[in-house]
There are 2 protein chains.
Amino acid sequence: MAVFSTLTPVFVAVLCVIIGFLFKNSQRRETRSKQKRSGETARPWVDEDLQDDTEISRKHNEDDDDWADTTEEENLPHIPYTPAQYSAAEMLERSEKFYSFMNLRRSVRFISPEPVPKEVIDNVIRTAGTAPSGAHTEPWTFVVVSDADVKHKIREIIEEEEEINYKQRMGDKWVHDLKRLRTNWVKEYLDVAPYLILVFKQTYGVLPNGKKKTHYYNEISVSISCGILLAALQNVGLVTVTTTPLNCGPQLRSLLQRPTNEKLLILLPVGYPASDARVPDLKRKDLSDIMVTV
Amino acid sequence: MAVFSTLTPVFVAVLCVIIGFLFKNSQRRETRSKQKRSGETARPWVDEDLQDDTEISRKHNEDDDDWADTTEEENLPHIPYTPAQYSAAEMLERSEKFYSFMNLRRSVRFISPEPVPKEVIDNVIRTAGTAPSGAHTEPWTFVVVSDADVKHKIREIIEEEEEINYKQRMGDKWVHDLKRLRTNWVKEYLDVAPYLILVFKQTYGVLPNGKKKTHYYNEISVSISCGILLAALQNVGLVTVTTTPLNCGPQLRSLLQRPTNEKLLILLPVGYPASDARVPDLKRKDLSDIMVTV
């Protein structure tokens with residue numbers, strides 16, 4: 001009894017340490033499973049490379065709101081702006097023609113290997129560069145790849161990631177996907193198309209003094225620029241398919257030796273349509289389904 | 001001594017509990033300060049309404065990668081696609097003309113109150129609706145406001161938020177901003193422009209069975225659509241300024257009675273340019289600054 005009484009403090013101490021240890025461990029496990037859970041919703045299908053601080057913590061300045069007419073550096077002199085104007089009848093006709101023409105545009109995966117004049121691509125990129133951008137930062141880099149080896153390396157990188165994507169997804173929702181799957185991870189057009197245009201968004205710029213300059217709304221700006229690029233391609237009779245290669249950004253950036261402030265947003269294979277090109281017979285929504293008049 | 005010996009286990013136990021409590025508390029404080037820190041970087045300039053789950057946890061399916069040609073519902077029949085083709089000389093000429101024309105586009109804040117035919121706006125929106133979108137979800141709603149009262153309410157909402165933005169920012173970086181500030185939070189064009197086009201992104205759709213259907217890459221899709229819309233406006237001689245009203249989304253959505261799956265991305269005041277319209281004398285980057293050839 002005396003021995004037991006003497007040992008009691010030791011027992012209690014050990015017990016407390018054990019309880020404390022178990023308690024701490026359970027907390028750690030909870031944290032870990034929380035991380036895992038949030039990780040699961042964010043992975044593996046999130047292209048984390050596309051996330052950047054500016055999208056999460058974009059700060060506001062007057063240029064964010066009204067785009068493209070002011071620069072960070074200085075107040076520019078203002079000049080009169082008197083663009084061409086058309087009569088109501090002309091406007092109506094022009095608007096109908098442009099709609100009909102743009103409505104013929106389709107995403108095309110069957111691209112002819114026939115060469116395309118590089119000067120045309122230059123002008124298409126120039127046109128994309130006329131897009132407005134937050135604070136006139138022009139936060140875009142268009143990498144135009146025609147080198148066969150580089151195109152093939154791009155294909156290998158994308159197909160490798162895509163195969164993982166497909167197989168993981170198929171493991172996940174097997175039945176549904178098997179039914180729907182008509183394409184696979186093989187992207188022949190990446191070898192075949194005379195040009196691949198890889199559109200990078202610049203998440204920040206570097207000022208002459210070496211300081212970083214945040215590019216607010218860079219993803220929206222670059223996407224708008226891509227919309228104008230698609231119009232410019234349609235205007236010259238070239239086709240493309242808008243793709244967002246998932247999780248390939250870092251590898252492609254490294255292959256193309258782009259700086260770390262540039263993140264791949266969109267990849268466009270560009271060329272003439274193949275003579276046997278086919279597209280799904282899809283319909284677009286009616287005007288009444290996309291427009292509300294107040 | 002006996003009393004002390006008897007109390008020892010109690011002391012040890014109390015000591016252990018206190019240590020355990022302190023330890024747990026320090027952990028909790030750390031977590032809280034971490035949360036606070038991440039909260040601080042995200043506020044107050046983040047437009048949280050623009051964040052949506054799809055941007056954070058966008059999952060992948062085959063339609064994400066290659067846009068716009070497949071639907072979630074079914075496999076569509078495929079049809080031949082044989083668009084117009086031009087000779088190399090024609091392509092070059094067309095690309096130069098389109099570039100020159102689009103390069104005349106400027107963001108304009110001085111908009112004439114002169115009425116614009118609604119049919120022209122209809123065609124412009126139709127044209128925007130030809131954009132590709134992730135999985136052909138067409139995740140856009142264009143709210144076209146011409147009603148003077150509603151326009152004025154929109155102006156009030158935006159100016160109120162803008163005043164807060166400006167004043168808070170000025171408190172923050174007073175000297176720098178005072179020097180640069182040429183515009184303020186007064187947005188007269190919101191009353192004056194014959195049309196305000198509010199572009200909403202649909203973060204998800206609702207299937208006939210009532211289930212939600214995630215709209216992957218909806219922000220990129222809607223921004224691309226806006227790029228095509230800007231080209232369509234330029235094509236008919238109308239002007240606009242691309243604006244992203246910060247933190248006004250929920251109020252404007254409520255005013256315009258839009259459902260909660262729609263988030264305001266861009267607001268475009270549209271009309272003829274005012275006769276005394278002026279724009280900053282800015283330059284665009286050279287082709288060599290935006291294009292890399294590989």
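Below, read A as the first sequence line, B as the second, and so on, with proteins coming before strands; counting in each chain starts at 1.
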Out of A:Pro273, A:Ala274, A:Ala88, A:Ser275, return the one with the most heavy atom pairs under 4.5 angstrom to chain B. A:Pro273
Partner chain B: residue of A:Pro80, A:Ser223, A:Gly237 with the largest heavy-atom pair count (under 4.5 Å): A:Ser223
Looking at B:Ile121, B:Ile79, B:Asp147, which has the largest count of heavy-atom pairs under 4.5 Å with chain A? B:Ile79
Whether B:Arg105 side chain and A:Thr130 backbone form a donor-acceptor pair below 3.5 Å: yes
Contact between B:Val294 and A:Val144 at the side-chain level, heavy atoms closer than 4.5 Å - yes or no? no
Counting only heavy atoms closer than 4.5 Å, note whether B:Val143 contacts chain A via side chain, backbone, both or neither. both
Exercise: identify the closest heavy-atom pair between B:Leu104 and A:Tyr81: O-OH, 2.6 Å
Structural part of B:Ala84 lying under 4.5 Å from a heavy atom of chain A: backbone
Distance-minimising heavy-atom pair for A:Gly227 and B:Ile228: O-CG1, 3.4 Å
Counting only heavy atoms closer than 4.5 Å, note whether A:Val222 contacts chain B via side chain, backbone, both or neither. neither
Please classify the contact of B:Val116 with chain A as side chain, backbone, both or neither, using a heavy-atom distance under 4.5 Å. side chain
Can any side-chain N or O of B:Lys285 pair as donor or acceptor with the backbone N or O of A:Gly129 at less than 3.5 Å? no
Ranking A:Val145, A:Val120, A:Ile290, A:Leu238 by heavy-atom pairs under 4.5 Å to chain B gives rank one to A:Ile290
Drop me the distance from A:Phe142's CZ to B:Thr293's OG1, to the nearest 0.5 angstrom. 12.5 Å
Please check: side-chain N/O of B:His136 versus main-chain N/O of A:Lys283, any donor-acceptor pairing under 3.5 Å? yes
Can you tell me which portion of B:Gln85 sits under 4.5 Å from chain A's heavy atoms? Options are side chain, backbone, both or neither. side chain
Looking only at heavy atoms, which two atoms of A:Met291 and B:Lys118 are closest? And how far apart? CE-NZ, 3.2 Å
If we only count heavy atoms from C-beta on, is the A:Phe98 to B:Asn123 side-chain gap below 4.5 Å? no
Would you give the length of the straight line joining atom CG of A:Leu76 to atom CG of B:Asp281, rounded to the nearest 0.5 angstrom? 7.0 Å
Those residues that, when tested against B:Arg94, pass salt bridge (charged side-chain N to carboxylate O under 4.0 Å, His left out) (two or more places apart): none
Mind ranking A:Asn103, A:Leu230, A:Leu267, A:Leu198 by heavy-atom pairs under 4.5 Å with chain B and telling me who comes out on top? A:Asn103
Step-by-step side-chain contact (heavy atoms from CB on, under 4.5 Å) determination, B:Leu287 to A:Ile125: CA-CA 8 Å; B:Leu287 183 62; A:Ile125 304 289; 3.9 Å; yes
Would you mind reporting whether A:Val292 and B:Leu256 have side-chain heavy atoms less than 4.5 Å apart? no
Tightest non-hydrogen contact, residues A:Ser95 and B:Thr127, listed as O-OG1, 4.4 Å
I need the residue from A:Ala128, A:Pro117, A:Ser100, A:Ser146 with the largest number of non-hydrogen atom pairs under 4.5 Å to chain B. A:Ser146
To check you understand the geometry: which heavy-atom pair defines the closest contact between A:Arg284 and B:Glu138, and what is its length? CA-OE2, 3.4 Å
Here the gap from A:Asp276 atom CG to B:Thr82 atom OG1, rounded to the nearest 0.5 Å, amounts to 11.5 Å
Assess the residue pair B:Thr242 and A:Ile220 against the criterion (side-chain contact (heavy atoms from CB on, under 4.5 Å)); give the C-alpha distance rounded to whole Å, side-chain angles, the decisive distance to 0.1 Å, and a yes or no. CA-CA 11 Å; B:Thr242 310; A:Ile220 298 177; over 6 Å; no
For the atom pair CZ (B:Phe101) and CG (A:Asn235), what is the distance rounded to the nearest 0.5 Å? 11.0 Å
